[in-house]
Amino acid sequence: MKLLRDLLDKQVVDREQVKIGKVDGLVAELRPGKPPRIIAIELGSITLARRLGARPGRWMARLAVKLGGKQHGEPHRIDWHKVKDIGVDIEFDIDVRETSIFAWQDWLRDHVIGRIPGA
Amino acid sequence: MTTVNLEHLAGRRVLSQRGKNVGYIEEIRAERDGDDFVVTEFHVGVYAAFERLSASAIGVAVLDLFRLRRRDGLYRIPWDKLDISDPARPRLLCPMTELSGMKGAPDIRE
């Protein structure tokens with residue numbers, strides 16, 4: 001498998017086929033005398049910003065903390081052992097409702113969208 | 001546990017032990033090893049910019065249009081011959097003389 005072609009930027013779905021986001025990062029563990037092992041994928045704006053450089057990554061992390069608190073200062077990580085299928089989409093054996101990936105979306109729904117008359 | 005983000009390696013320039021430019025990381029190959037997926041080799045060549053912008057298909061087409069693609073410049077470097085502990089500065093761990101044995105031909109299966 002070619003990681004940059006087949007994994008990076010690919011759509012991630014949970015076990016209910018809900019679209020969670022895209023694979024923004026691939027985390028590997030460096031082991032002495034052994035090949036690097038993929039341990040997780042990362043999603044979110046912080047990981048994406050870090051691909052542009054260290055400074056954009058720091059700015060994005062600071063902004064996320066300022067807006068949402070310390071718990072939002074790190075990227076979302078999904079353990080690699082939860083991967084279920086790798087195809088057009090990357091399917092993970094998780095339920096997105098049990099994670100904080102949609103925290104911003106939920107907040108917007110509850111505090112903004114939900115208050116619009118007729119919404 | 002020491003971890004690295006592999007996406008930071010995309011398009012990075014690879015330097016030899018003496019600081020000479022070897023090429024740019026175009027692709028990272030991984031294979032299943034039991035329950036794990038492990039990195040087996042790094043493809044180092046000339047496409048860096050296009051790979052980094054995730055426009056590799058378009059980039060390859062443009063390079064082919066202007067006959068700029070040199071497939072003989074692609075190296076398939078095994079995982080143990082590249083130091084990626086600093087993703088911003090990957091370094092070759094073997095002498096450049098060994099690179100001739102790592103030249104890759106286009107992968108017909110793909």
Side-chain angles (χ1 to χ4, degrees), chain A residues 1-12 21-58 60-61 74-87 90-93, chain B residues 1-12 24-45 47-60 74 76-90 93 104 106-107 109-110:
Chain A
M1 179 171 62
K2 290 184 169 184
L3 297 180
L4 301 183
R5 182 193 70 178
D6 298 331
L7 277 186
L8 200 61
D9 299 327
K10 290 292 178 287
Q11 180 69 56
V12 177
K22 300 271 173 82
V23 177
D24 296 313
L26 294 165
V27 185
E29 177 194 4
L30 297 184
R31 308 175 294 174
K34 290 183 181 179
R37 181 174 71 106
I38 312 297
I39 59 171
I41 66 151
E42 285 185 345
L43 305 100
S45 54
I46 297 173
T47 306
L48 208 52
R50 283 177 183 167
R51 285 169 69 176
L52 297 175
R55 200 175 292 179
R58 284 196 299 271
M60 188 57 70
E74 291 296 325
H76 299 291
R77 247 186 214 190
I78 305 176
D79 285 340
W80 181 255
H81 72 266
K82 291 193 174 148
V83 70
K84 216 167 133 183
D85 184 43
I86 299 172
I90 314 298
E91 188 178 336
F92 280 85
D93 189 21
Chain B
M1 188 194 323
T2 304
T3 60
V4 293
N5 278 66
L6 296 178
E7 70 278 8
H8 296 167
L9 288 169
R12 290 288 178 188
Y24 302 86
I25 294 181
E26 294 181 14
E27 188 55 81
I28 302 170
R29 202 169 190 112
E31 285 176 6
R32 197 179 289 276
D33 180 17
D35 289 335
D36 294 333
F37 254 97
V38 297
V39 173
T40 54
E41 60 185 26
F42 300 91
H43 295 182
V44 175
Y47 298 148
F50 296 107
E51 199 67 38
R52 191 161 191 171
L53 296 172
S54 296
S56 55
I58 298 169
V60 167
L74 178 72
R76 295 172 185 243
I77 300 176
W79 66 269
D80 55 341
K81 304 292 186 201
L82 199 68
D83 175 15
I84 60 168
S85 54
D86 181 1
R89 292 168 193 82
L93 291 174
D107 197 330
R109 288 170 301 170
E110 294 156 343

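Throughout, a chain's letter reflects where its sequence line sits, starting with A, and its residues are numbered from 1. This structure is a prediction, so every number in the text was calculated from the model and none was measured.
Of the inter-residue distances, the one linking A:Ile38 atom CD1 with B:Asp33 atom CG reads 12.0 Å to the nearest 0.5 angstrom. Atoms CD1 and CD, on A:Ile41 and B:Glu7 in that order, are 10.5 Å from each other to the nearest 0.5 Å. Here the CD-NZ distance, from B:Glu26 to A:Lys2, works out to 8.5 Å after rounding to the nearest 0.5 Å. To the nearest 0.5 Å, atom CG of residue B:Leu6 and atom CD of residue A:Glu42 are 10.5 Å apart. Distance CZ/A:Arg51 to NE2/B:His8: 8.0 Å, rounded to 0.5 Å.
Atom NZ of A:Lys84 is surrounded by more than 12 heavy atoms from other residues, nucleotides or ligands within 6.0 Å. Counting heavy atoms of neighbouring residues, nucleotides and ligands inside a 6.0 Å radius, atom NZ of A:Lys22 does not exceed 12 of them.
Looking at residues two or more places apart in sequence or on another chain, you find a ring pair (Phe, Tyr, Trp, His ring centres under 6.0 Å) between B:Phe37 and A:Trp80.
With a threshold of 4.5 angstrom between heavy atoms, A:Ile39 approaches chain B through side-chain atoms but not through N, CA, C or O. Using a 4.5 Å cut-off between heavy atoms, B:Asn5 touches chain A through backbone and side chain atoms alike. Contact annotation for B:Ser85: both backbone and side-chain heavy atoms come within less than 4.5 Å of a heavy atom of chain A. Neither the backbone nor the side chain of A:Asp6 comes within less than 4.5 Å of any heavy atom in chain B.
Taking chain B as the reference chain and counting heavy-atom pairs below 4.5 Å, the highest number among A:Glu29, A:Arg31, A:Arg50 is found for A:Glu29.
For the side-chain contact (heavy atoms from CB on, under 4.5 Å) with A:Pro36, the qualifying choice from B:Thr3, B:Ile28, B:Leu82, B:Ile84 is B:Ile84, the only one to do so.
The two residues A:Leu4 and B:Glu27 come nearest to each other via the heavy atoms N-OE2, 2.7 Å.
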